[in-house]
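Mind looking over this structure? Questions follow.
These figures come from a predicted structure and were not determined experimentally. As the structure lists them, so they are numbered: ligands from 1, and atoms in each ligand from 1.
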Amino acid sequence: MPVATLLPFTATPSRKSVSPTSFRLTEKFILLLVFSAFITLCFGAIFFLPDSSKLLSGVFFRSSPAETDPRLGTDPDLAAAYGATGKDEKILVKIRKDHEKALLEAQHTLQKRPDEIKQDIRSEKEKVVRDGQGGNDDSLAEIEFIRPPGATGHEPGDPDTREKRAKIKEMMQFAWDNYKRYAWGSNELRPVSKQGHSSNLFGSLKGATIIDALDTLYIMEMYDEFEAAAEWAEKNLDFNMNAEISVFEVNIRFVGGLLSAYYLSGKEVFRRKAIELGEKLLPAFKTPTGIPWALLNLKSGIGRNWPWASGGSSILAEYGTLHLEFIHLSRLSGKPVFAEKVMNIRKVLNRLDKPQGLYPNYLNPNSGQWGQHHVSVGGLGDSFYEYLLKAWLMSDKKDEEGKKLYYDALKAIETNLIRKSSGGLTYIAEWKGGLLEHKMGHLTCFAGGMIALGADGAPEDRTGHQMELAAEITRTCHESYTRTNLKLGPEAFRFDGGVEAIATRQNEKYFILRPEVVETYMYMWRFTHDPKYREWGWEAVQALEQHCRVEGGYSGVRDVYANSPSHDDVQQSFYLAETLKYLYLLFSDDDHLPFDHWVFNTEAHPLPVIKRDVVDHSNQL
Ligand code: DMJ
C-alpha cells in the first residue's frame, strides 16, 4: 500500500504550525511506524519477486501442476509465500498479514532499549545455528579429525589375489580416465557416444560420478585423481540452484560420498559441503508427519512425491535410507536437527500397524497411513532394512531399537516372503496385498550380504541359520548370472511358469552395472573365506571386461540373454562407487575397511562406527 494512502489515517493534524524538527513524541512515533511499514513493504517485495514466476503463470497463464498440487494445502503460509496457488487473494492476505506483523514488531522494537535489541539479534543468530538452518561456515565449530583404522590397505600376500586386485584397479582407472576425458563435471559418462550424461535424479546438480567415486579413488590409492576430484568439489560443487532433486539419491551418493571422503582424507572441504548439502535437504521434512518428500526443489524448498507413487506416498526405501548419513551430519556439525529428523521417521513407523509384521513400500506423508500394501526387499523397500541393521552396527551396538526393528522385520520376511524353488533355489519373493509374486530383483541380491552381516548379532539359535540363509540367497543370485549368455545378471528373475532364476519379460533382461551381487560376494567372503566367492567375483570381472568394456568406458547392456551385447551407453556413477569398490575389497585383506570400524552406506560409502568411548553430538545414540 502506498505511504500516501496510509497518512490520512495515521497522522494527527496539529493546529500549531511546527517545524519538521519539532514534532511531538506521538507524531515521531507515528512517522516512525509509517516509515518502518514502508521499508517492510519494500523488503517484502524484493524477497517476493524472485519467486513471482509461479504467481505470474498462475494469473496470466495456465496453472502448472505444482500450483494445483493439493499437498501445498497442508501449509497455506508456505504455499502463499511461494505464490504456489496462483491466487491473488491469498497472496494479498499474506502481504497484509506480514504487514500487520511488521507494524507490531516495529512498535515493539521502539519500546526496547538498545541493549535489549542487541540481545535479541544475538539470540536469533544462536537459534539459527541451533536449528541447523544456518548454512554458512561461520556456524561450524572446528573438530579434531581422527582417521578410523583401515582407511588404506596393503598388497595381498598371495600373487594371484594381488594380480586380480591390480586388474580391478586398472578397471577403475579406465572408467575414471574416460569419465574425465569425455564427461568431466557431468553427472555420468556415455561411454559409447563419449559425452556427458545427466540423470534427472540430480536435477541440475553436477558431478555425481566425481563425488560418488571419491572414496574408491582414495582406497585404491589413486591419490592424484582423488586430489583432482577434491579440487573440482571445492571449486564447482554448488547446491544453490533451482533444481528439483531426489532426496534419497542425493543423500546416498552426494552426502554419503562427501562424508566418506571426509572420514578417509580429513579434508575439511568435504565436511563443509556435506553439512551444507544436508541443510539444503531439511525442507523435505516439512510435511505433517515429518516423513520427507521424495523430490525437493533446492531453491524454493518445496517438496513433492513421485507422481506414480500410490496416492501421493513417500517410498520406504527412500525415507528409510537417510539414517546413517544424518546421524553423521549431526555428529560433524554439532547440530541435532539431522538426527532428530531421522529419529522422528522411526517414531512414525513405530506407531503404525504392520501387516504380518511387514513394512509396505508406500506411506502417505500427510496422513501417516500406509498406501498400497506392497512389500519388497528389492526396489522400493531394500535399503530401509539395510539401514535398520547398520544403524545398530554404526552406533557400536548402542541403538537397541534399530537392532530390534531389524531382526523383527527379518523374521517377518522369512515367514512371508522367503521361498524355495522346486530346483532347490532359495529366493525372496514380493508381496502384493497378501499375494506372492515369485520374482526377485537384482537389487534384492544385496540381502545375502545384509543377512550375513546381521547373522552375528541374531538371537543365539538363529546365527547359524542366518548364515545358511545368506549363503543360499547368494547362490541363487550367482545362478541368475550363470543362466544367461553374457554371464551377467538380469534386472529381475522369476520362479514361475517353469523357470528358475531367469528373466522372462523383455523389460527385465537388462544389466546396468549394478553392484548388489558382487557386494554380497564380498560380505560372504569376509565371513566365510570360502574361495568360491572370489571365484564368482572373478567371473563377474571377466564378464564385465568382455561385454561391458567399450572404447570410452563401461556400459550397461540391454539383454543379458543375447549372444552379443547391445550397449545402453551409460556408465552409472554407482559402477565406480560400488561395483568396482566391492570387487576390489573382495580381493583385499579383511583389515582394509574392517567391519568393526566401518559401515558401508547403501551406495558403498564407508562411514565410521561411532565408538562408545567417543563423545558424539547427535544426542541420539
Ligand atoms: C545404488 O544407488 C544403491 O545401492 C541403492 O541402494 C540401490 N541401487 C543402486 C545400485 O544398484
Exercise for review: Over 60° means perpendicular and under 30° means parallel, so classify the ring planes of Phe511 and His442, tilted if in between.
Suggested key: tilted
Review point. Of the options Val609, Leu607, Leu264, Leu393, which is the one that meets Trp598 in a side chain to side chain contact (heavy atoms under 4.5 Å, CB included)?
Key: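 Considering Val609, Leu607, Leu264, Leu393, a side chain to side chain contact (heavy atoms under 4.5 Å, CB included) with Trp598 is found only for Leu264.
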Exercise for review: Measure the spacing between CD of Glu491 and CG of Asn507 and express it to the nearest 0.5 Å.
Suggested key: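 The CG atom of Asn507 is 9.5 Å from CD of Glu491, to the nearest 0.5 Å.
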**Study point:** Ring-face cation of Arg549 near Phe174 (centre distance under 6.0 Å, axis angle within 45°)
**Key:** yes
Review point. Do the numbers put Arg253 on top of the ring of Phe202, so that NZ or CZ is under 6.0 Å from the six-membered ring centre and no more than 45° off the axis?
Key: no
Ignoring hydrogens and angles, write down the donor-acceptor pairs under 3.5 Å from the side chains of residues 205-213, residues two or more places apart or on other chains.
| residue | atom | partner | partner atom | Å |
| --- | --- | --- | --- | --- |
| Thr209 | OG1 | Asn187 | O | 2.5 |
| Asp212 | OD1 | His605 | NE2 | 2.7 |
| Asp212 | OD2 | Ser573 | OG | 2.7 |

Just the distances, no angles: every ligand 1 N or O to protein N or O pair closer than 3.5 Å, one line each.
| residue | atom | partner | partner atom | Å |
| --- | --- | --- | --- | --- |
| ligand 1 | 2 (O) | Glu603 | OE1 | 2.5 |
| ligand 1 | 4 (O) | Glu578 | OE1 | 3.3 |
| ligand 1 | 4 (O) | Glu578 | OE2 | 3.0 |
| ligand 1 | 4 (O) | Thr602 | O | 2.8 |
| ligand 1 | 6 (O) | Thr602 | OG1 | 2.8 |
| ligand 1 | 11 (O) | Arg514 | NH1 | 2.7 |
| ligand 1 | 11 (O) | Glu516 | OE2 | 2.6 |

